[in-house]
Peer 1: 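One structure follows; several queries about it will come next.
The figures that follow rest on heavy atoms only: side chains count, while hydrogens, waters and symmetry mates do not. Residue numbers begin at 1 in each chain, while the letters A, B, ... track the order of the sequences.
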Amino acid sequence: MWGILGRRAVVVDGGFSASCLRSRMRSGLVSARSYAAGSKEMTVRDALNSAIDEEMSADPKVFVMGEEVGQYQGAYKITKGLLEKYGPERVYDTPITEAGFTGIGVGAAYAGLKPVVEFMTFNFSMQAIDHIINSAAKSNYMSAGQINVPIVFRGPNGAAAGVGAQHSQCYAAWYASVPGLKVLAPYSAEDARGLLKAAIRDPDPVVFLENELLYGESFPISEEALDSSFCLPIGKAKIEREGKDVTITTFSKMVGFALKAAEKLAEEGISAEVINLRSIRPLDRATINASVRKTSRLVTVEEGFPQHGVCAEICASVVEESFSYLDAPVERIAGADVPMPYAANLERLALPQVEDIVRAAKRACFRSK
Amino acid sequence: MAIWFARSRNIVSSLRHNLNLSGILVQRDHSPRHAFTNSQLSSRSVFLDSFTSLRHESTAVEKQLDLVQQSDEEDPQELNFPGGKVGYTSELKFIPESSSRRVPCYRVLDENGRIIPDSDFIPVSEKLAVRMYEHMATLQVMDHIFYEAQRQGRISFYITTVGEEAVNIASAAALAPDDVVLPQYREPGVLLWRGFTLQEFANQCFGNKADHGKGRQMPVHYGSNRHSYFTVSSPIATQLPQAAGVGYSLKMEKKNACAVTFIGDGGTSEGDFHAGLNFAAVMEAPVVFICRNNGWAISTHISEQFRSDGIVVKGQAYGIRSIRVDGNDALAIYSAVRSAREMAVKEQRPVLIEAMTYRVGHHSTSDDSTKYRAADEIQYWKMSRNPVNRFRKWVEDNGWWSEEDESKLRSDARKQLLQAIQAAEKSEKPPLTELFSDVYDVKTKNLEEQELGLKELVEKQPQDYPPGFHI
């Protein structure tokens, strides 16, 4: 979009005025950018918005439902502009009842529509969890394929900043333990676009865990990812950074932390392989295990509570399938086993930081014979 | 916003009708201009014009005031709040917790099966009446035999519909085949009416290979897409907001059909009851909510379930048209459900029906209701207030049914059921391949691996698995 504006300015303006100079500079910037690798940038917010927009445009059965998604443009502006474009029937502002609108979404999905249900945060999905588990997840199985539920539940998950215990829990482990659900956790803008489009198109119920702090973050995005038919496969992890000494697996915001940790480790001569899980259920055990068999060491990271977490499942999988390849005990980093405190200093201590990941990787590396 | 305008418009148009004015309501302060800036309705601008022209003509306004005062009970000076204009009173008066008179119950047939004179009802042809009666009697036989089968240990669980045959069959008869039914669990009669065979019922209860549910669910959790009957789900009242969602979907696709959902008296205590009804009203979804008020929620009597006058009074709280019907009167149920269905589809609105009835049987085969209620209470309802007998009397009085028809129907139904049970019992259970299917649309890799692993294990260690364990 920036590119188009720049180009138009050059065409219109012909003289040597200050504005021309400005537009020349702008076009210069644009051309410089178009020659750079990766080219455009996009925030996660825009990525999600464009994904929903394109899927709604392609399929009239797709509709959005949630609190404040319409006139307010979305509590986090993810659904901005959709009400004007598609009207109140397809962008539906619900009364305040998570149980209610989740049930309605499931009913609409039973009848053949494709709802995208927004939870203001997944913490509030607790009020609707019966419908997610007992109505959405299990219906296809219990009805022997007669009732399928092509629904997407999306919204911010995990810790934000200074929002306290009831707004900060990570629900990845809760939902990923249930057969019948698919659980996705994007990190970058490309992840957000590709995975959300895949989720909307998928005939099974999908829990789509976003992160509030990532919404405003910009990522480079390829031309391919900007295409309206772009889609990422569900169940495949991405190797964000290749390495040979230690495998670091994580998802969502922690991927950024793991990449920073990998930079720091590289300075000390440790080459870390960072895996962005992307899909919590189905979990890409093949990619994780192949990586561990290459590096012989595993550090698994998540923001959520430690007991019965996603990391626990990855540890079990690696111990079951790649035990003889491990040169060190598996390192697991998770959030502190406490409801999230509010005070900024306490909150920082309750969440994994880059230093924690670096320390764990070093421990895994120096424990070798 | 839109709803506020519509309601104001209704007030204006009703006043216009009553008082033959050009639609003027007096307001003390607060110019209406702000409220109407975004409006696109042409009637609004007419309203606005007439108001502004009168603003300074106080005497004319006073005359209007008198006229309005004569026809209104409240003070005509009104307050403007979000949600519309509301009259005010200086009397400190609370709305009583209950009305002095309970909402009356709509009925057509008396206890002797005779039509009450001057009854308002939709006539039922001989063919339809006989079909309804046959299904009510078949449902009774089916319940009796499956209940016995559970007692004999042949099926693990069963829920009877004894005492509620009229609600089941007459409501089903009043619906169109495309109307989507979201049942609770005491409505197999609706599925029976729509053509589910006795063999299909038996297959589900036995969880065998031929079960459309592939042995996934416990008995009585029937479901059939072919018959527009959603699979029974155990958590209570979840079907209510789902029905609102189905109704919304039918509305968006402009189908000539509605969603119909059932709930018991106990289920109305669930949060989902509130969400389902509230939402259906706000979304203007074509849903018919049928509450079977049968007096008992397992051992909880309705006096311990709510303090309102049953469920019918709750309809208005959500802005939903409602009616209380004698649930043991097949003709009344037929007329009420048929009318409700037409309203739901034509006017695109939800409707609430409270069917008063009695749960003659136990809650389920896991319950012994004599532990919490008097045996003679059960007897009374079983013998003197039996909906099947009552309808039979009417059908017989019309010369459409005889003793011979009766004994033939019952013995045929009984024979068919016994055969169905024997066949279902002998039939194989679902194969292993059905353990991992339908979790997702397409099996994920880990499921394929697990299935392969299990197959290999069964082949390797057949002694650990029952003989004839089907792969």
Side-chain angles (χ1 to χ4, degrees), chain A residues 60-61 63 65 71 88-90 92-113 115 127-128 130-131 133-135 137-148 150-151 179-182 202-205 234-235 279 281-286 317, chain B residues 1-2 180 182 211-217 221 223-226 230-235 237-253 255 259 261 270-272 274-280 282-283 285 287 430 434 436-442 444-447 449:
Chain A
K61 288 188 191 287
F63 75 102
M65 198 161 69
Q71 265 193 314
E89 270 197 344
R90 290 183 72 194
Y92 191 77
D93 271 328
T94 64
I96 306 178
T97 161
E98 279 71 14
F101 65 73
T102 308
I104 284 168
V106 172
Y110 282 176
L113 292 182
Q127 295 179 287
D130 176 77
H131 274 295
I133 309 296
N134 282 327
S135 297
K138 300 178 185 173
S139 279
N140 198 46
Y141 191 75
M142 291 195 311
S143 72
Q146 291 188 82
I147 299 175
N148 76 319
I151 195 170
L181 286 180
K182 288 181 177 161
D202 198 294
D204 297 313
I234 292 179
S279 176
R281 174 181 265 271
L283 194 58
D284 190 353
R285 291 163 220 271
S317 171
Chain B
M1 259 328 152
V180 181
L182 291 93
D211 170 27
H212 296 306
K214 296 183 193 170
R216 300 275 171 69
Q217 293 233 59
H221 287 64
S224 177
N225 268 6
R226 242 170 56 237
F230 274 95
T231 308
V232 172
S233 171
S234 305
T238 53
Q239 67 274 13
L240 299 179
Q242 287 168 8
V246 171
Y248 189 69
S249 166
L250 293 170
K251 183 188 174 84
M252 289 235 313
E253 301 192 313
K255 295 232 169 93
T261 184
E270 281 278 0
D272 272 348
H274 168 74
L277 265 68
N278 188 37
F279 251 103
V282 171
M283 295 197 299
V287 187
E434 296 301 358
F436 297 101
S437 58
D438 305 317
V439 179
Y440 298 107
D441 192 51
V442 172
T444 51
K445 212 159 124 290
N446 68 319
L447 286 177
E449 287 166 10

Peer 1: Would you indicate whether the side-chain heavy atoms of A:Leu113 and B:Glu253 approach each other to under 4.5 Å?
Peer 2: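 Sidechains of A:Leu113 and B:Glu253: in contact.
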Peer 1: So for A:Leu181, is it side chain, backbone, both, or neither that comes closer than 4.5 Å to the heavy atoms of chain B?
Peer 2: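 The answer is the backbone of A:Leu181.
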Peer 1: Taking side chain as everything from C-beta outward and backbone as N, CA, C, O, which of these in A:Pro282 sits under 4.5 Å from a heavy atom of chain B? Side chain, backbone, both or neither.
Peer 2: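 Interface part for A:Pro282: side chain.
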Peer 1: As an exercise, state the distance from NZ of A:Lys138 to OG of B:Ser234, rounded to the nearest 0.5 Å.
Peer 2: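 Separation between the atoms: 9.5 Å.
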Peer 1: Determine the option with the most heavy-atom pairs under 4.5 angstrom with chain B, choosing from A:Ile147, A:Thr97, A:Leu283, A:Asn134.
Peer 2: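 Looking at each of A:Ile147, A:Thr97, A:Leu283, A:Asn134 in turn, A:Ile147 comes out on top.
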Peer 1: For chain A, which of B:Gly245, B:Gly215, B:Ser224 has the most heavy-atom pairs under 4.5 Å?
Peer 2: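 The candidate making the most pairs under 4.5 Å is B:Gly245.
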Peer 1: Given a strict heavy-atom distance threshold of 4.5 Å, which part of A:Ser139 is in contact with chain B: side chain, backbone, both, or neither?
Peer 2: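 Contact with chain B: none, neither part.
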Peer 1: Only counting residues at least two apart or in another chain, list the ones meeting ring pair (Phe, Tyr, Trp, His ring centres under 6.0 Å) with B:His221.
Peer 2: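 By the ring pair (Phe, Tyr, Trp, His ring centres under 6.0 Å) rule, B:His221 matches no residue at all.
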Peer 1: Is the backbone N or O of A:Gln146 less than 3.5 Å from a side-chain atom of B:Asn225, with the two atoms forming a donor-acceptor pair by type?
Peer 2: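 Yes: the side chain of B:Asn225 pairs with the backbone of A:Gln146.
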Peer 1: With a 4.5 angstrom heavy-atom cut-off, which part of A:Pro88 approaches chain B: side chain, backbone, both or neither?
Peer 2: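 When you check distances to chain B, only backbone atoms of A:Pro88 fall under 4.5 Å.
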Peer 1: Measure the spacing between OG of B:Ser249 and CD1 of A:Ile104 and express it to the nearest 0.5 Å.
Peer 2: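 If I round to the nearest 0.5 Å, the distance is 12.5 Å.
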Peer 1: Given heavy-atom pairs under 4.5 angstrom as the criterion, report whether the side chain, backbone, both or neither of B:Val180 touches chain A.
Peer 2: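 Neither; nothing under 4.5 Å.
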Peer 1: Taking side chain as everything from C-beta outward and backbone as N, CA, C, O, which of these in B:His274 sits under 4.5 Å from a heavy atom of chain A? Side chain, backbone, both or neither.
Peer 2: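 Neither part, no heavy atoms under 4.5 Å.
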Peer 1: Please round to the nearest 0.5 Å and tell me the distance separating atom CZ of A:Arg285 and atom NZ of B:Lys445.
Peer 2: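 A:Arg285 atom CZ to B:Lys445 atom NZ measures 9.5 Å (nearest 0.5 Å).
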Peer 1: Would you call A:Asp130 and B:Thr238 a side-chain contact if the rule is heavy atoms closer than 4.5 Å?
Peer 2: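 Side-chain contact under 4.5 Å: yes.
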Peer 1: Tell me, out of A:Pro150, A:Gly145, A:Pro60, A:Ala109, who's got the most heavy-atom pairs with chain B below 4.5 Å.
Peer 2: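 Heavy-atom pairs under 4.5 Å are most numerous for A:Gly145.
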Peer 1: Quick check for you: to the nearest 0.5 Å, what is the distance between A:Met65 atom CE and B:Met283 atom CE?
Peer 2: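 If we round to the nearest 0.5 Å, A:Met65:CE and B:Met283:CE are 7.5 Å apart.
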Peer 1: Quick one about A:Ser135 and B:Gln242 (side-chain donor to acceptor, distance below 3.5 Å, no hydrogens or angles considered), yes or no?
Peer 2: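 There is such a pair between these side chains.
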Peer 1: Heavy-atom cut-off 4.5 Å, strictly under: side chain, backbone, both or neither for A:Ala286 against chain B?
Peer 2: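 Side chain only.
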Peer 1: Quick one: what part of B:Asp441 sits under 4.5 Å from any heavy atom of chain A, side chain, backbone, both or neither?
Peer 2: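 Both parts, backbone and side chain.
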Peer 1: Once rounded to the nearest 0.5 Å, what's the spacing between atom CG of B:Asn278 and atom OG1 of A:Thr94?
Peer 2: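 Between atom CG of B:Asn278 and atom OG1 of A:Thr94 there are 11.0 Å.
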Peer 1: Nearest 0.5 angstrom please: B:Asp272 CG to A:Thr102 OG1, how far?
Peer 2: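 Those atoms lie 9.5 Å apart.
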Peer 1: Could you tell me how the ring of B:Phe279 sits relative to the ring of A:Tyr92: parallel (under 30°), tilted (30 to 60°) or perpendicular (over 60°)?
Peer 2: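 Taking A:Tyr92 first and then B:Phe279, their aromatic rings sit tilted (interplane angle of 30° to 60°).
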Peer 1: May I ask you to decide if A:Gly105's main-chain N or O and B:Tyr248's side chain share a donor-acceptor pair within less than 3.5 Å?
Peer 2: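 The answer is no, because no donor-acceptor pair under 3.5 Å joins these two groups.
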Peer 1: Counting only N and O atoms by type, is there a donor-acceptor contact under 3.5 Å from the side chain of B:Asp438 to the main-chain atoms of A:Asn140?
Peer 2: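 Checking the backbone N and O of A:Asn140 against the side chain of B:Asp438, no donor-acceptor pair under 3.5 Å is found.
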Peer 1: What part of A:Phe63 lies closer than 4.5 angstrom to a heavy atom of chain B: side chain, backbone, both or neither?
Peer 2: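 A:Phe63 touches chain B through side-chain heavy atoms alone.
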Peer 1: Quick one: salt bridge (Lys or Arg N to Asp or Glu O under 4.0 Å) partners of B:Glu434, sequence neighbours excluded?
Peer 2: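 By the salt bridge (Lys or Arg N to Asp or Glu O under 4.0 Å) rule, B:Glu434 matches B:Lys214, B:Arg216.
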Peer 1: Please find the pair of heavy atoms, one from A:Ser143 and one from B:Thr231, that lie closest to each other, and give the distance.
Peer 2: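 It is CB-OG1, 3.3 Å.
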